[in-house]
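Single-structure report; data block below.
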There are 2 protein chains.
Amino acid sequence: MENKQKITIKDIARMTGLSKGTVDRVLHNREGVSRKSYSKVMKVIEELGYEPNIYASLLAQKKERIVLVLLPKYEPGEFWELTEEGITESSESAGNLGVKVEKVDYDQYDIESFRNACKKALSLKPSGVVLAPMFRNETLVFVDKLNTLGIPFVYIDTKLESNSYLAYFGMPTYQSGYLCAHILTDEQDPKEVAIVRIQRDKFGKSDPTINRREGFMDYIAEHFPACTPYNIFINPNKPEEIDSTLEQFFSEHPDVRHIAMFNSRIYLITSFLGKHPEKKYRVVGFDNLAANIKALKDGLVTCLIAQRPGDQAHRAISALTDLLVFGREPSGRDNFMPMDVLTRYNAEYY
Amino acid sequence: MENKQKITIKDIARMTGLSKGTVDRVLHNREGVSRKSYSKVMKVIEELGYEPNIYASLLAQKKERIVLVLLPKYEPGEFWELTEEGITESSESAGNLGVKVEKVDYDQYDIESFRNACKKALSLKPSGVVLAPMFRNETLVFVDKLNTLGIPFVYIDTKLESNSYLAYFGMPTYQSGYLCAHILTDEQDPKEVAIVRIQRDKFGKSDPTINRREGFMDYIAEHFPACTPYNIFINPNKPEEIDSTLEQFFSEHPDVRHIAMFNSRIYLITSFLGKHPEKKYRVVGFDNLAANIKALKDGLVTCLIAQRPGDQAHRAISALTDLLVFGREPSGRDNFMPMDVLTRYNAEYY
DNA sequence: TTCTTTTCCGTGCACGGTAACGGAAAAAAT
DNA sequence: ATTTTTTCCGTTACCGTGCACGGAAAAGAA
């Protein structure tokens, strides 16, 4: 199984009677090699199972490659901060392999800023790109350009159905909604459930919460056809209004005991929840933001479904460096990461 | 933040007026350097923030180090298979760093075989050891020997309270039992719960199920003081008896609806569960063995608490290679891995 | 002072691979 | 047959570190 001694270029040179220069040319498919020499070298390589020593290679090349990450700007404590943490972590290991990770951010509510970010990204001449697609059409334009430039890219969080991406790392969004409903109802039989939504979920944006809602609704329809789902809209920019909106809804619907929210901001309703401990609401939200974890531990939120954004970023970058440095294609294109179920008793270990 | 150009030994040599040989001696704390030269070099190193190029270093050293993993033998589908998968995976990345991973296994029910495994392990002259302690006393003897030899070691799965281990990667066992009870009862109010146990949980073995049981009992006592826990003992070697044992217990206790099991073998009771779908037992077990996952998907088991044995192994090996190759101490000694909550709707993504 | 020992340090090759340079051999053009 | 062009390939100088060898300088012994 194991070759006792790793075989080197010099060995191959000796065995074929050629020089290391020629062997190197064969290995890199460079021109200037006769058919005969080419096949002589290939034969030995296949028989002996040559594997290059990448460290020697890296050392000799001293080439710097750039992996470009295109991410939305965020406020501290927001979802994308978790992604960024993963990026920072993997920059180090990528750096060890001679790959530099550069970040370019944009305002996720401003198309123009996204366009600029794309332009800036291209100007850095990256060897690979990681991106979370927010604006559907603009993203398609951008990845098209990447394609013509031959730059591989990886989606995280959400993917578009263009067929040219190297890989995708994210949560199975429909399934996550389905799971959410399962956990929310815990196989009991609710007559009504409340879904809290953020107002501006609009325009041509690529948005995982849409699929989540679908999965959720399907579960409810399949298991509790008699159950009525209500939508409540809140405005994150006006926190003072949130409580009153919720108060009003729940005083009009006093029997609703189940609450779900499909974005990462379940923490927005904890103020309201804290005022009504006697109602024992069953509440399920998404993502392990610090504020959400706190709500979980305080017993205000029953459960969180989390998706390891850090891992997603990490694996996306790994996939690219693997390709760029080792020439290894990722083993699977669509990689769905686990959906972690967090309760107050296991949250601190995530 | 970033040094534009990485500084090299040659640079330091030039700047201090010394030769790279001397700089090298300083870097490795080798003898034969005068005070004056030593401090000159150190000064530059600290100011310029020199970081060695490990790949050049690895290339030059060409030294092979061995990380030895000591694991119980297992049948296909058992818990330790998951650990081994993680080991196989990380052998590759460790191999890239010039570290070879060797496995030595033993029969976890035979002390003598463990002793032999230890002997064999030492004979391989490892630079580091990973082990899951099963036999308490024998393990203490072994790690003592490792200590006197200056060989660092890492515990996985369980740890002993000796103070000399480099790191530990595992599940917080007590907490996992607590969580198990929480999920099993889902904050309702059971009058009775059944705990299924394996008979031979005996002799001086280090066993995570003991702590789990404790955590479980504490949760029950704290939340449902009126609840009665029953213990049922089954014998895994006589599968034909299991069903009848369970039948008998549950016919004597027809109101028991909650079942927990603290080892990885919840699949042993699926045959029984499958015969009584009308009872709608709530069943919580541990570990994502293939057989357990199947039971989950079949709706026989409500929930599994899983502990990523592969990750544990992976991180244990990483910790050792980091130390051996880069000289980096692990950031924390006791590393508790997340407890994953698996239901039928998220299990397939683990 | 002279000789020996110890301390300190520079030199140079090795590790495996890369890639530019230039020359020999083969093919094409004259 | 000679010249020009093209194809092919060997040589060589690195990349950043490690380490053995041997020599110079300093310290100690005579």
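Below, chains carry the letters A, B, ... as their sequence lines are ordered, and counting in each starts from 1.
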Students often get this wrong, so: under 4.0 angstrom with heavy atoms, is A:D24 touching a base, only sugar-phosphate, or nothing? base
Sugar-phosphate only, base, or nothing, as touched by B:G98 at under 4.0 Å among non-hydrogen atoms: nothing
What's the closest nucleotide to the side chain of B:T8 if the choices are C:dC15, C:dG17, D:dG16? D:dG16
Estimated bend of the helix from C:dT1-D:dA30 to C:dT30-D:dA1 (axis per five terminal pairs, rounded to 10 degrees): 50°
What nucleotide, of D:dC9, D:dT17, D:dG16, holds the atom closest to the side chain of B:I9? D:dT17
A:E51 vs B:R35, nearer the 5' end of DNA chain C by closest nucleotide: B:R35
Pick the nucleotide of DNA chain C nearest each of B:S19 and A:G21; which residue has the one closer to the 5' end? B:S19
N/O donor-acceptor pair under 3.5 Å between A:H28 side chain and A:D24 backbone: yes
A:L18 near the nucleic acid: base, sugar-phosphate alone, or nothing, with a heavy-atom cut-off under 4.0 Å? sugar-phosphate
Value in whole Å for how far the P atom of D:dC14 lies from CG of B:N53: 18 Å
Which parts of nucleotides 23-28 of chain D does protein reach within less than 4.0 Å, heavy atoms only, written one letter per nucleotide 5' to 3' as B for base, S for sugar-phosphate only and - for none? ------
Kindly say whether, by distance alone, the side chain of B:K20 makes a donor-acceptor pair under 3.5 Å with the base of C:dG10? no
Would you say a side-chain N or O of B:S34 is under 4.0 Å from OP1 or OP2 of C:dC9? yes
Under the ring pair (Phe, Tyr, Trp, His ring centres under 6.0 Å) test against A:Y155, which residue among A:Y165, A:F169, A:Y168 passes? A:Y165
Does the side chain of B:K10 get closer than 4.0 angstrom to OP1 or OP2 of D:dC15 through an N or O atom? yes
B:R25 (side chain) and C:dG10 (base): donor-acceptor pair under 3.5 Å: yes
